[in-house]
Amino acid sequence: MILLAVAFVSMPAEAQLFKKLFKKKAKTEANASGKADGIDDDAQVALAPFASFGDNRNNRNAFLNIPLGIKANRFEKLLMQQGFVERKNEGVQTSKTYFYEGEVYGAKSLITLAVSEQTARVYAVDVEDQSVYLSEQAVKERFANLKEQLVKVYGPGYIDHQGEAYTIQSRLGTVNMHYERNSLTTSYTIGFALDDAKAYAMAYQEMEDKEYETAPRAITDGLAAACNHTDLVGLGVKLLQNKTVKAAQDVLRSYDYALEKTTAKVVSASFVLGNYKAVVSLARRKQAITAITLTATDDITAICHDLETNGFTSANQKTWQQGKMSVAISTDKQGRVVLTLR
């Protein structure tokens, strides 16, 4: 089984694609029933305001108001009541598969359910827009429209994967929207995937090969730990690639950062998501950016991992290098992570 995972190739690559849900291991088959696990499907609710509950164990992330974490056969029934139809695979099937077609947020889509083998519970959903977008401008327009609709349902998130993705990491689960360029063509596809944090944590325990899986977040009283990591490395690299004042400001706006101060010596901007905060300070000489400093209440281990997967190398986990790009990473007196890029 796979969760939503983002993988980067070396930074200069023209098209850095996601390892999409279900492409790595095609375990979307399961028995219809699964073993008993003490969870009452009737008690599960979709996206209830968690602040009003002391215990959110039955509060679930949801797809089209269908709570994840319920049995797959029940999920299928509710999905088909909304007009979705099952998509049958060719050839002999040895067990149940969970592929459906229908309209999602204004686009014909292919829906795939990730189902726990042991409990037959849905822990994630992948939605692939069946339209092919013939230009980057066209797919970006769909991206902006879909982002707006997802934020209305799941709350705000952050720009990810150097602008090709948007991630919403709520206390109930994760939603990741992404677009990518099709190989050998100039066309693009787009889709999104979501999981339920509690259901994924249960499914993770039965996964045999966890090397490529994202470890589940800690869960307390039914709520996953709050978001504490964004695409700082991707933002920093894009700023390094756009080292004029105007270009850097455009990059910051594209990442939903609020521009705060522009003087003869510095350009600053900030981003706030719940308790998470990041501040960017750009040293300038006339119209040229000479140094980039990112300060955030982020996870230093996750940042180092991002640097590594982006092709940076380090002998001491403090100074990282890739070609002519260098990154120094430290913490300040407030415990915030500080990245300096040149």
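- Of the possible polar contacts, none joining the Lys277 side chain to the Ser270 backbone as a donor-acceptor pair under 3.5 Å is found.
- Residue Gln137 qualifies as open at atom CD: its count of foreign heavy atoms under 6.0 Å is 12 or below.
- In this structure, CD1 on Ile168 lies 7.5 Å from CE on Met177, to the nearest 0.5 angstrom.
- For the pair Thr174 (side chain) and Asp195 (backbone), a donor-acceptor distance under 3.5 Å is absent.
- Shown here are the side chain to side chain contact (heavy atoms under 4.5 Å, CB included) partners of Thr295, two or more places apart in sequence or in another chain: Thr293, Asp332, Arg336, Val338.
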Do Tyr133 and Glu141 pass the side chain to side chain donor-acceptor pair (under 3.5 Å) test, and can you show the C-alpha distance, the side-chain angles, and the key distance before you say yes or no? CA-CA 10 Å; Tyr133 297 88; Glu141 289 175 0; over 6 Å; no
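- With sequence neighbours excluded, the residues that form a side chain to side chain contact (heavy atoms under 4.5 Å, CB included) with Asp250 are Lys246, Arg253.
- Nearest heavy atom pair, residue Leu172 against residue Ala48, reads CD1-O, 4.4 Å.
- Within the 4.5 Å cutoff, side-chain heavy atoms of Val245 are placed close to those of Val267.
- Note that OG of Ser187 and CD of Glu136 are 12.0 Å apart. Values are rounded to the nearest 0.5 Å.
- Checked by atom type and distance alone, the side chain of Gln118 never pairs as donor or acceptor with a backbone atom of Ala120 at under 3.5 Å.
- Taking Asp40 as the reference, nothing meets the salt bridge (charged side-chain N to carboxylate O under 4.0 Å, His left out) condition, with sequence neighbours excluded.
- Taking every heavy atom of both residues into account, Arg217 and Ala225 meet most closely at NH1-O, 2.7 Å.
- By the 4.5 Å heavy-atom criterion applied to side chains, Asp221 and Phe50 are not counted as neighbours.
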Let's go through Glu260 and Val280 carefully: what are the C-alpha distance in whole Å and the side-chain angles of both, what is the deciding distance for side-chain contact (heavy atoms from CB on, under 4.5 Å) to 0.1 Å, and is it a yes or a no? CA-CA 10 Å; Glu260 294 185 338; Val280 177; over 6 Å; no
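- Lys147 has a carboxylate O that lies under 4.0 Å from a charged side-chain N of Asp256, or vice versa, which qualifies the two as a salt bridge.
- Using bins of under 30°, 30° to 60° and over 60° for the plane-to-plane angle, the ring pair Tyr179/Phe143 lands in the perpendicular bin.
- Aromatic ring pairs are classed by plane angle as parallel below 30°, tilted from 30° to 60° and perpendicular above 60°; the pair Phe192 and Phe63 is tilted.
- Of the N and O atoms on the side chains of Asn61 and Tyr154, not one donor lies less than 3.5 Å from an acceptor on the other residue.
- Residues Cys227 and Leu273 meet the side-chain proximity criterion, which asks for heavy atoms closer than 4.5 Å.
- At least one donor-acceptor pair closer than 3.5 Å links the side chain of Tyr200 to the backbone N or O of Thr214.
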Would Ile289 and Leu239 count as a side-chain contact (heavy atoms from CB on, under 4.5 Å) here? Give the steps. CA-CA 9 Å; Ile289 301 300; Leu239 289 169; over 6 Å; no
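- Ion pairing between a basic and an acidic side chain is recognised when a charged N comes within 4.0 Å of a carboxylate O; Lys71 and Asp41 show no such pairing.
- Residue Leu282 holds its CG atom at 8.0 Å from OG of Ser268, rounded to the nearest 0.5 Å.
- Within the 4.5 Å cutoff, the side chain of Tyr105 has heavy atoms near those of the Leu150 side chain.
- Residue Asn275 holds its CG atom at 8.0 Å from OG1 of Thr297, rounded to the nearest 0.5 Å.
- In this structure, the side chain of Ser131 does not engage the main chain of Asp129 through any donor-acceptor pair within 3.5 Å.
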Between Arg181 and Tyr188, does a side-chain contact (heavy atoms from CB on, under 4.5 Å) hold up when you go through it step by step? CA-CA 4 Å; Arg181 182 176 176 177; Tyr188 295 80; 3.5 Å; yes
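- Heavy-atom minimum distance, Ile159 versus Ser254: CG1-O, 3.3 Å.
- Although no hydrogens or angles enter the test, the distance criterion places a donor-acceptor pair under 3.5 Å between the side chain of Arg171 and the main chain of Ala224.
- With values rounded to the nearest 0.5 angstrom, Tyr204 atom OH is found 7.5 Å from Glu213 atom CD.
- For Asn58 (side chain) and Val45 (main-chain N/O), no donor-acceptor pair under 3.5 Å exists by modelled atom type.
- In this structure, Trp320 and Cys304 have side chains that are in contact, with non-hydrogen atoms separated by less than 4.5 Å.
- The shortest side-chain heavy-atom distance between Phe75 and Val125 falls under the 4.5 Å cut-off.
- Within the 4.5 Å cutoff, side-chain heavy atoms of Glu117 are placed close to those of Glu206.
- By the neighbour-count criterion of 12 heavy atoms within 6.0 Å, atom NZ of Lys243 is densely surrounded, having more than that number from other residues, nucleotides or ligands.
- Using a 4.5 Å heavy-atom cutoff, the side chains of Tyr255 and Asp231 are in contact.
- Panel note: side chain Gln82, backbone Leu64; a donor-acceptor pair is recorded below 3.5 Å.
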For Gln130 and Leu110: C-alpha separation, side-chain torsions, deciding distance, then whether side-chain contact (heavy atoms from CB on, under 4.5 Å) applies. CA-CA 7 Å; Gln130 295 296 280; Leu110 172 64; 3.4 Å; yes
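- To the nearest 0.5 Å, atom CD1 of residue Ile70 and atom CD of residue Gln44 are 8.5 Å apart.
- Between the side chains of Thr189 and Glu128, no donor-acceptor pair of N or O atoms lies under 3.5 Å.
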